[in-house]
Colleague: 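Please see the structure below; I have some questions.
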Amino acid sequence: MKQLIIFNLIFTISILTFGQDYITEVVEHSEENSKCFYCHGSPTYSYYNDVLERKVTKRMNPYFLVDSNLYYDQNHKSFDCIDCHAYEFREFPHDNTLQMEPMPTCLDCHEGDEAMAHYNFESINDEFHESVHSTKHSDEFTCWMCHNPHSYKINARNNKNVKETIIYDNNICLSCHADINKYQLISPKVNPNVIDMHDWLPNQLEHFAHVRCIECHTHTSDNVMVAHHIQTKDKAVKKCVECHSSSSTLMASLYKFQAQENRRKYGFFNAAILSDTYLIGANRNLYLNILSGVIFGTILLIILIHALLRILLK
Amino acid sequence: MYLYPLWVRLWHLINALMFLILIVTGLSLQYSSVEYTIIPFNYAVSIHNITGIILAVGYVLYLFANRFTSNGQYYQFPIKGMAGRVWKQARYYAYGIFKNEDAPFPVAIGRKFNPLQKISYVFVMYFFMPIIIITGIGLFFPDLLPDKIFGMLGLHLIDLLHIFMGFILSVFMVVHIYFCTIGSTPLSNFKSMINGWH
Ligand code: HEM
């Protein structure tokens with residue numbers, strides 16, 4: 001008992017000090033980072049030009065802008081820029097050869113990471129390598145293509161607002177599939193228009209606001225929360241009933257987290273979906289089904305008896 | 001006597017056909033399933049939409065025609081004494097008919113419908129039909145629906161209402177068809193609805 005209390009004390013103290021550490025760390029790095037943000041955080045920046053011997057103001061390449069608000073609200077907010085980027089970036093003008101610096105991959109840091117085992121990075125990595133993106137463009141297409149290094153924040157796992165998650169996740173895909181400039185980082189082809197290629201889908205805007213691209217385009221598995229195995233277009237879900245039925249696959253993807261407890265509520269099938277939208281075919285109600293069947297059956301029976309009596313008593 | 005003018009018969013024919021298709025496609029949407037499909041979902045959606053539009057247009061024409069021709073008069077009744085008359089008719093269907101009593105309100109030029117028909121047609125045509133059509137239009141343009149109605153998801157409430165009306169109208173239709181077999185012969189009413197003569 002005594003040991004337990006002591007252990008507990010040490011444990012809480014260590015957490016407290018850790019937490020302390022963590023907070024000062026953020027503050028500390030924010031000072032370091034602010035030097036980078038001085039240039040990379042605004043559309044224009046100034047520096048002292050030694051050749052001209054005066055201060056000059058220049059425009060920042062918009063693709064090299066990093067939004068500090070998003071940066072400090074993301075998974076890696078505690079990071080110093082030079083944790084990932086070369087130390088030499090502290091100098092300006094940056095050394096030209098730095099452009100060729102190899103960037104770390106997610107797995108470099110997260111592989112075998114006990115504390116993050118629940119994300120299952122290894123399986124995600126395997127799934128990604130089987131996806132169309134990777135099989136067709138293995139070298140250019142990295143995890144960073146979808147996970148913006150300066151703003152990616154987990155949503156599906158902890159955002160209670162499913163609609164926000166949907167918008168967030170779809171914007172990841174649309175960042176290429178609706179923007180030719182980013183698309184052509186990967187492929188010289190012209191990206192097919194998203195609206196046109198889903199012409200077959202009725203109420204398209206409603207669908208895209210309530211369902212993620214990956215719902216139809218990935219092969220789901222049990223040990224990964226967000227499926228990464230994007231398949232070729234001929235394998236995409238086109239059968240409406242895969243979602244519009246009591247065995248809706250949405251419960252295994254978008255509503256994976258809520259799925260266990262919310263299969264049925266007040267008799268509504270797949271009730272978890274009802275907190276965000278109503279899905280015909282998937283949200284029928286058990287009690288209403290039975291009730292309507294009973295009423296209809298009773299009426300048919302009465303009609304039958306009436307008809308029989310009419311014939312017999314004629 | 002000539003009771004059903006051509007437009008009534010045409011409207012009724014189209015209405016009944018659309019109704020049957022709507023019931024079948026509507027059921028297959030509501031009870032869609034991966035294992036057994038009545039009609040593939042995407043076809044069911046298209047067919048349900050098209051037949052629904054035809055039904056709604058037909059309904060509007062029916063409203064106009066009833067307003068501007070003499071057929072509308074059959075749908076009017078004095079509230080006073082209505083309960084008694086409906087009861088009389090109901091008693092006849094539940095009891096008198098088996099005793100070979102005479103119908104209390106036989107068809108006549110000024111009286112196409114008996115009180116029970118009258119009240120059910122009025123409810124169906126001026127209450128249930130408008131609701132199912134308006135909610136149907138709402139479901140056709142789901143992005144126009146309010147997000148929340150009375151704290152409930154707008155889409156869900158409208159859909160429940162639509163399905164509920166569909167159920168009531170389906171029940172009406174079955175009962176309606178059955179009552180139509182109560183005529184001088186079981187088929188005579190159907191013949192009237194084809195050639196117009198009673
Ligand atoms: C296959 C299905 C149907 C059949 C066989 C059928 C049959 C008939 C027949 C034989 C009549 C003439 C008898 C009478 O005046 O009561 C009639 C009249 C009528 N039916 Fe139907 N019916 C069907 C569906 C429907 C539906 C779905 C509705 C409405 C939603 C409807 C509404 C009416 C109305 C309002 C009248 C009176 C029309 C008038 O003369 O102004 N019927 N029906």
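Chain naming here is simple, since letters A, B, ... match the order of the sequence lines and numbering starts at 1 in each. None of these values were measured; they are calculated from a predicted model.
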Colleague: Does Tyr2(B) OH have over 12 foreign heavy atoms under 6.0 Å away?
Modeller: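 Check passes, neighbour count above 12.
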
Colleague: For Phe127(B), does the CZ atom sit with more than 12 other heavy atoms under 6.0 Å from it, leaving out its own atoms?
Modeller: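 No - once you tally the heavy atoms of other residues, nucleotides and ligands closer than 6.0 Å, there are 12 at most.
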
Colleague: So what's closer than 4.5 Å to chain B heavy atoms on Leu288(A): side chain, backbone, both or neither?
Modeller: side chain

Colleague: If you count heavy-atom pairs under 4.5 Å between each of Ile163(B), Thr181(B), Asn100(B), Val175(B) and chain A, which one has the most?
Modeller: Thr181(B)

Colleague: Going through the distances and angles, do Ile295(A) and Phe167(B) end up as a side chain to side chain contact (heavy atoms under 4.5 Å, CB included)?
Modeller: CA-CA 10 Å; Ile295(A) 295 177; Phe167(B) 176 72; 3.8 Å; yes

Colleague: Looking at Phe121(A), I'd like to know if its CZ atom is crowded, meaning that more than 12 non-hydrogen atoms belonging to other residues, nucleotides or ligands lie closer than 6.0 Å.
Modeller: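 Check passes, neighbour count above 12.
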
Colleague: Nearest 0.5 Å please: distance from the CD1 atom of Ile303(A) over to the OH atom of Tyr178(B).
Modeller: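 Reported to 0.5 Å precision, the distance equals 7.5 Å.
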
Colleague: As an exercise: rank Leu300(A), Ile302(A), Asn289(A), Leu312(A) by heavy-atom pairs under 4.5 Å with chain B and give me the winner.
Modeller: Asn289(A)

Colleague: Quick check on Ala209(A) against chain B: is it the side chain, the backbone, both or neither that has a heavy atom closer than 4.5 Å?
Modeller: neither

Colleague: For atom OH of Tyr126(B), is the number of surrounding heavy atoms from other residues, nucleotides or ligands below 6.0 Å larger than 12?
Modeller: yes

Colleague: With a 4.5 Å heavy-atom cut-off, do Phe141(B) and Glu206(A) have their side chains touching?
Modeller: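 A side-chain contact under 4.5 Å is absent here.
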
Colleague: Under the 3.5 angstrom rule, does the side chain of Tyr31(B) hit a backbone N or O of Arg284(A) as a donor-acceptor pair?
Modeller: no

Colleague: Within the 4.5 Å heavy-atom criterion, are Ile182(B) and His306(A) side-chain neighbours or not?
Modeller: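 Answer yes - side chains close enough.
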
Colleague: If you draw a 6.0 Å radius around NZ in Lys182(A), do more than 12 non-hydrogen atoms from other residues or ligands fall strictly inside?
Modeller: yes

Colleague: In terms of heavy-atom proximity below 4.5 Å to chain A, should Ser170(B) be classed as side chain, backbone, both, or neither?
Modeller: both

Colleague: Do you know the tightest heavy-atom contact between Cys240(A) and Phe41(B)?
Modeller: CB-CD2, 3.0 Å

Colleague: Which pair of heavy atoms, one from Phe140(B) and one from Asn203(A), lies closest together, and at what distance?
Modeller: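 Smallest heavy-atom distance, with atoms named: O-ND2, 3.9 Å.
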
Colleague: Could you tell me which portion of Ile299(A) (side chain, backbone, both or neither) has an atom closer than 4.5 angstrom to a non-hydrogen atom of chain B?
Modeller: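 Contact with chain B: side chain only.
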
Colleague: Chain A: which of Asp159(B), Val171(B), Leu139(B) shares the most heavy-atom pairs with it under 4.5 Å?
Modeller: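 Of Asp159(B), Val171(B), Leu139(B), Asp159(B) has the most heavy-atom pairs under 4.5 Å with chain A.
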
Colleague: So does Trp87(B) have more than 12 non-hydrogen atoms from other groups sitting under 6.0 Å from CH2?
Modeller: no

Colleague: Against chain A, label Ile97(B) side chain, backbone, both or neither, depending on which of its atoms sit under 4.5 Å from a heavy atom there.
Modeller: side chain

Colleague: Surrounding CG of Asp102(B) (heavy atoms of other residues, nucleotides or ligands, distance under 6.0 Å), is the total greater than 12?
Modeller: no

Colleague: Does Phe296(A), at its CZ atom, have more than 12 non-hydrogen atoms belonging to other residues, nucleotides or ligands within less than 6.0 Å?
Modeller: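 Yes - once you tally the heavy atoms of other residues, nucleotides and ligands closer than 6.0 Å, there are more than 12.
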
